[in-house]
Amino acid sequence: MAKNLLIVESPAKAKTIEGYLGKDFMVKSSYGHIRDLVKTDDAIDTSNNFTQRYEVPAEKKAVVSELKKLAKAADTVWLASDEDREGEAISWHLYETLGLDDEKTKRIVFHEITKPAILRAIETPRGIDFNLVNAQQARRVLDRLVGFELSPVLWKKVKPSLSAGRVQSVAVRLIVDREREINRFTAEAAFKIVAIFHTGNAKELFKAELPKRFVEAAEAERFLADCIPADFVINSLETKPSKRSPAAPFTTSTLQQEASRKLGFSVARTMAVAQRLYEAGHISYMRTDSVNLSDTALQGAEQEIRSAYGDTYHKRRQYRTKSAGAQEAHEAIRPTYFDQHTLGGDNAERRLYELIWKRAIASQMSEAEFEKTTAKIGVSTRQEELVANGEVMRFDGFLKVYFESTDDEHEPNLDNDTDNALLPPLTAGQQVHLNRMSATERFSRPPARYTEASLVKKLEELGIGRPSTYAPTISTIQNRGYVVKESRDGKPRDYRVLELVGGTISSQTKTETTGAEKAKLFPTDIGVVVNDFLVEHFNGIVDFNFTAKVEKEFDEIAQGMKEWTAMLHSFYGPFHQEVETTTKHADRATNERELGEEPGTGKRVSVRIGRFGPMVQIGSPDDEEKPRYASLRPGQMIETITFEEALDLFKLPKKVGEFEGKEMTVAVGRFGPYIRHNNAFYSLPKELDPLDVTTDSAIEIIKDKRQKDKEKIIRVFEENTDARIENGRWGPFIRFGKQNVKIPKGTSVDNITYEDVVKWAAEDEKKPKKKARGKK
DNA sequence: CAGTGAGCGAGCTTCCGCTTGACTT
């Protein structure tokens with residue numbers, strides 16, 4: 001039996017460290033927290049100084065009993081959980097739960113997994129820091145009190161099973177607020193002037209822009225007209241060197257953002273893939289808020305840069321964290337071995353690894369150097385000057401390996417594609433010649449909706465949530481139905497373009513798509529109701545600064561300057577009072593709206609959340625006639641639906657005639673509008689409004705779908721008409737009655753017999769079905 | 001892939017932060 005038992009939080013870490021320490025040390029993992037508050041409402045006795053009841057959850061029993069056994073047999077137990085609030089608490093819980101001895105227990109910390117760091121830690125053990133433990137308890141108790149007192153208020157005033165909490169409720173609020181900003185926004189149009197000049201040599205073209213925009217079309221046209229007889233001269237020419245520096249290596253949050261922008265990963269996917277890379281030993285720990293690199297890493301990067309790119313490309317850099325709540329228990333995310341530029345195997349793992357490698361390497365490289373040239377071009381008939389910008393890269397530096405993207409995912413600006421291009425050689429006073437000029441109507445843009453990753457970024461800025469909870473929080477607010485991640489089509493919008501070519505001005509109207517969204521977060525009606533209720537009654541909790549405020553107090557507790565139960569008392573008193581009065585006096589939360597009266601009948605048209613979701617109701621239960629109901633469509637919200645849109649919902653489903661002796665019905669389902677005929681579904685083409693479907697167009701769609709289905713069939717089995725082989729999206733498969741059967745790899749489609757089909761279908765049946773996703 | 005739109009009411013739901021697991025498609 002080993003003389004020393006060293007306990008860390010992560011099993012992968014344990015394996016690495018064991019390699020550093022040799023035979024006298026056995027290194028084991030606690031797999032995170034081993035103890036938590038009991039799951040019931042009586043976990044905290046608020047009338048008795050917040051006494052807590054802890055338990056070892058069922059899934060942790062095995063780990064605890066193994067550690068207990070090993071601890072008993074060891075001479076010394078080294079508690080090496082992370083150096084932060086949660087880590088300190090884990091050490092304390094281990095100490096208590098394993099029944100450790102003061103004499104044989106040592107607490108050590110390190111924030112990088114390198115041999116020297118760990119040996120140094122072992123030489124300088126300390127005791128458990130109870131101030132830090134108390135700060136963690138205050139954090140844990142406050143979160144439980146907030147969550148478990150607030151949620152039941154929602155069950156009573158809104159709907160059962162809902163939830164609220166210090167983190168998730170603010171995340172929802174951000175999304176609701178943003179949606180309202182977008183709804184309130186009205187786009188303003190203005191004309192942007194862009195000119196193409198040449199130097200006299202027709203090949204030397206360059207672009208210039210007018211720094212200001214014209215609100216009125218007439219002003220823009222006037223400008224173009226003035227330019228017809230004008231002379232153009234380079235009034236001034238300025239050349240300035242400029243530099244760009246690399247970004248810091250990844251933290252959890254920046255990794256999630258870049259993987260979202262560059263690879264299109266959801267934050268959950270990024271974390272799952274990173275976890276695999278970590279467990280395989282390719283990268284350092286992926287849940288971190290630190291941008292710091294260990295000396296070992298700095299040396300590894302330096303060596304790699306010097307040998308792969310040359311000495312001039314290396315520049316040693318230490319980064320400082322910008323986020324306020326950072327606890328920096330780990331290193332930044334970096335490759336374990338910098339000489340490994342890429343990985344084989346799984347595509348997602350390879351791409352994420354390369355991203356991490358490039359970012360970490362680039363962070364230790366030299367600046368990129370540019371020369372920026374600005375030419376101002378005078379117009380003889382006007383006061384204004386046009387401006388041409390050119391940029392030449394003198395030294396690529398870190399850009400050799402990495403280019404950071406930005407969050408601006410708006411529609412590509414058609415006129416900007418030549419920005420920062422090369423300018424031809426120019427001199428001050430030189431005359432240049434107009435090739436063409438355009439005035440294009442451009443619109444101001446509303447604030448961007450959040451993606452999962454940009455929401456994480458915002459939460460981090462506010463100091464809300466931790467690296468280990470960003471991804472789960474994003475999932476929670478979606479699982480609760482407060483928020484949906486969706487792509488939505490945009491709407492066409494006309495814009496005007498005036499063009500000056502060859503001395504004449506022409507005008508035309510073009511169309512662009514605006515407001516299209518891909519994988520963005522939208523609030524739901526229930527999200528809006530819950531948010532508004534919380535903002536009205538518990539503004540203190542959903543305030544964006546609430547976490548920052550309590551974090552400051554947790555810090556004071558950690559420094560021994562404040563007593564943790566005193567802090568909780570001063571918070572809980574007023575909070576609990578608010579819960580009581582709200583429960584007693586507040587009205588049920590609703591966002592019901594009255595839209596008007598139905599033409600003809602005068603019946604009341606209203607919209608609210610019903611048992612099956614948001615709906616429109618015409619009439620009231622007191623009327624002789626029963627009220628009529630219709631559900632809102634995806635993308636429609638109670639807050640924004642118009643009277644006309646609400647009435648339109650009652651026009652479907654609609655019978656559109658007969659075909660082959662059976663009725664055809666147009667309706668809108670979960671997957672969009674469709675025609676139902678003879679128990680089969682036919683989706684409508686995107687551009688066709690379901691209200692416009694006629695008998696003829698419906699028949700056309702049905703015939704078209706049948707034809708396409710026919711083309712998909714590769715083989716039929718003569719007399720056995722219940723089976724056929726079709727070409728699917730992922731290659732051929734067998735349709736066997738209602739069952740889809742996979743064709744085993746390496747089987748040629750031509751050799752399959754009907755007996756094979758029956759056999760494979762039976763095998764497929766036996767396999768357990770995949771569980772439904774999301775909430776129960 | 002529809003439309004549906006209650007009212008007896010037991011007992012349930014819920015937080016945030018640490019960690020991975022054991023299953024398939």
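As a basis for the values below, the full set of heavy atoms in this structure was taken, side chains included, without hydrogen atoms, waters or symmetry mates. Labels below follow one simple rule: chain letters A, B, ... track the order of the sequence lines, proteins then strands, and each chain is numbered from 1.
Of the side-chain N and O atoms in A:Arg287, one or more sit less than 4.0 angstrom from OP1 or OP2 of B:dT20. Applying the 4.0 Å criterion to OP1 and OP2 of B:dG17, one finds that A:Arg166 has a side-chain N or O inside that range. Taking only side-chain nitrogens and oxygens, A:Ser10 comes nearer than 4.0 Å to OP1 or OP2 of B:dT20. Contact annotation: A:Ser468 reaches the phosphate of B:dC18 (side-chain N/O to OP1 or OP2, under 4.0 Å). Side-chain N/O atoms of A:Tyr674 include none lying less than 4.0 angstrom from OP1 or OP2 on B:dA2. The phosphate of B:dC1 has neither OP1 nor OP2 within less than 4.0 Å of any side-chain N or O from A:Arg633. Taking 4.0 angstrom as the limit, A:Gln136 places none of its side-chain polar atoms (N or O) nearer than this to OP1 or OP2 of B:dG17.
One can place CZ of A:Phe733 at 17 Å from P of B:dT25, the figure rounded to the nearest angstrom. Between the CZ atom of A:Phe538 and the P atom of B:dC15 there is a distance of 16 Å, rounded to whole Å. Atom NZ of A:Lys159 is separated from atom P of B:dA6 by 16 Å (rounded to the nearest Å).
When each of A:Asp82, A:Asp289, A:Thr288 is checked for a side chain to side chain donor-acceptor pair (under 3.5 Å) with A:His330, only A:Asp82 meets the rule.
Checked against B:dA2, B:dC15, B:dA6, the side chain of A:Arg140 finds its nearest nucleotide in B:dC15. Taking only side-chain atoms of A:Arg611, from C-beta outward, the nucleotide of B:dT19, B:dT14, B:dG5 with the closest atom is B:dG5. Here B:dT19 is the nucleotide among B:dA2, B:dT14, B:dT19 with the atom lying nearest to any side-chain atom of A:Lys60. Distances from the side chain of A:Arg676 to the nucleotides B:dC18, B:dC16, B:dA2 place B:dA2 closest. Here B:dG17 is the nucleotide among B:dG17, B:dG3, B:dT20 with the atom lying nearest to any side-chain atom of A:Thr469. Closest to the side chain of A:Pro653, from the set B:dG17, B:dT19, B:dA2, is B:dA2. Side-chain atoms of A:Ser161 lie closest to B:dT13 of the nucleotides B:dT13, B:dC18, B:dC16.
Note on A:Val146: nothing from the nucleic acid sits closer than 4.0 angstrom, heavy atoms only. Using a 4.0 Å heavy-atom cutoff across all strands shown, A:Gly32 reaches at least one base atom of the nucleic acid. Using a 4.0 Å heavy-atom cutoff across all strands shown, A:Gln617 reaches no nucleic acid atom at all. Residue-level contact check: A:Phe650 touches neither bases nor backbone, having no heavy atom under 4.0 Å from any strand. Within 4.0 Å (heavy atoms only), A:Ala164 reaches sugar-phosphate atoms of the nucleic acid but no base atom. Nucleic acid contact for A:Pro152: base, since at least one base atom lies under 4.0 Å from a heavy atom of the residue. Contacts of A:Gly87 with the nucleic acid, taken as non-hydrogen atoms under 4.0 Å apart, are absent. Within 4.0 Å of A:Arg466, counting heavy atoms only, lie sugar-phosphate atoms of the nucleic acid but no base atom. A:Asp82 comes within 4.0 angstrom of sugar-phosphate atoms only, judged by non-hydrogen atoms across all strands, and of no base. When heavy atoms are screened at a 4.0 angstrom cut-off, A:Ser631 is found touching base atoms of the nucleic acid.
Aromatic stacking of A:Phe148 on B:dT14: satisfied, with centres closer than 5.5 Å and planes within an angle under 30 degrees. Ring-base stacking between A:Phe612 and B:dT4 is satisfied, the centre separation being under 5.5 Å and the plane angle under 30°. Per the stacking criterion (ring centres < 5.5 Å, plane angle < 30°), A:Tyr31 does not stack onto the base of B:dC18.
Between A:Phe681 and A:Tyr674, the ring-plane angle classifies as perpendicular under the 30° and 60° cut-offs. Under the 30°/60° scheme for interplanar angles, the aromatic rings of A:Tyr572 and A:Phe575 are found to be tilted.
If A:Gly613 and A:Val668 are placed on DNA chain B by their nearest nucleotide, the residue sitting closer to the 5' end is A:Val668. Closest-nucleotide positions on DNA chain B for A:Gly147 and A:Gly610 were compared, and the one nearer the 5' end corresponds to A:Gly610.
The heavy-atom pair separating A:Leu37 from A:Gln52 by the smallest distance is CD2-CB, 3.7 Å.
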Stepwise salt bridge (Lys or Arg N to Asp or Glu O under 4.0 Å) test for A:Glu86 and A:Arg466: CA-CA 11 Å; A:Glu86 299 296 326; A:Arg466 303 278 312 131; over 6 Å; no
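Between the side chain of A:Ser163 and the base of B:dT14, no donor-acceptor pair under 3.5 Å is found. Counting atom types as modelled, A:Arg144 pairs no side-chain N or O with a base atom of B:dC16 as donor and acceptor under 3.5 Å.
A distance of 10.5 Å separates CD in A:Glu112 from OG in A:Ser284, rounded to the nearest 0.5 Å.
Atom NZ of A:Lys458 is surrounded by 12 or fewer heavy atoms from other residues, nucleotides or ligands within 6.0 Å.
When ring centroids are compared, A:Phe533 and A:His537 come within the 6.0 Å threshold.
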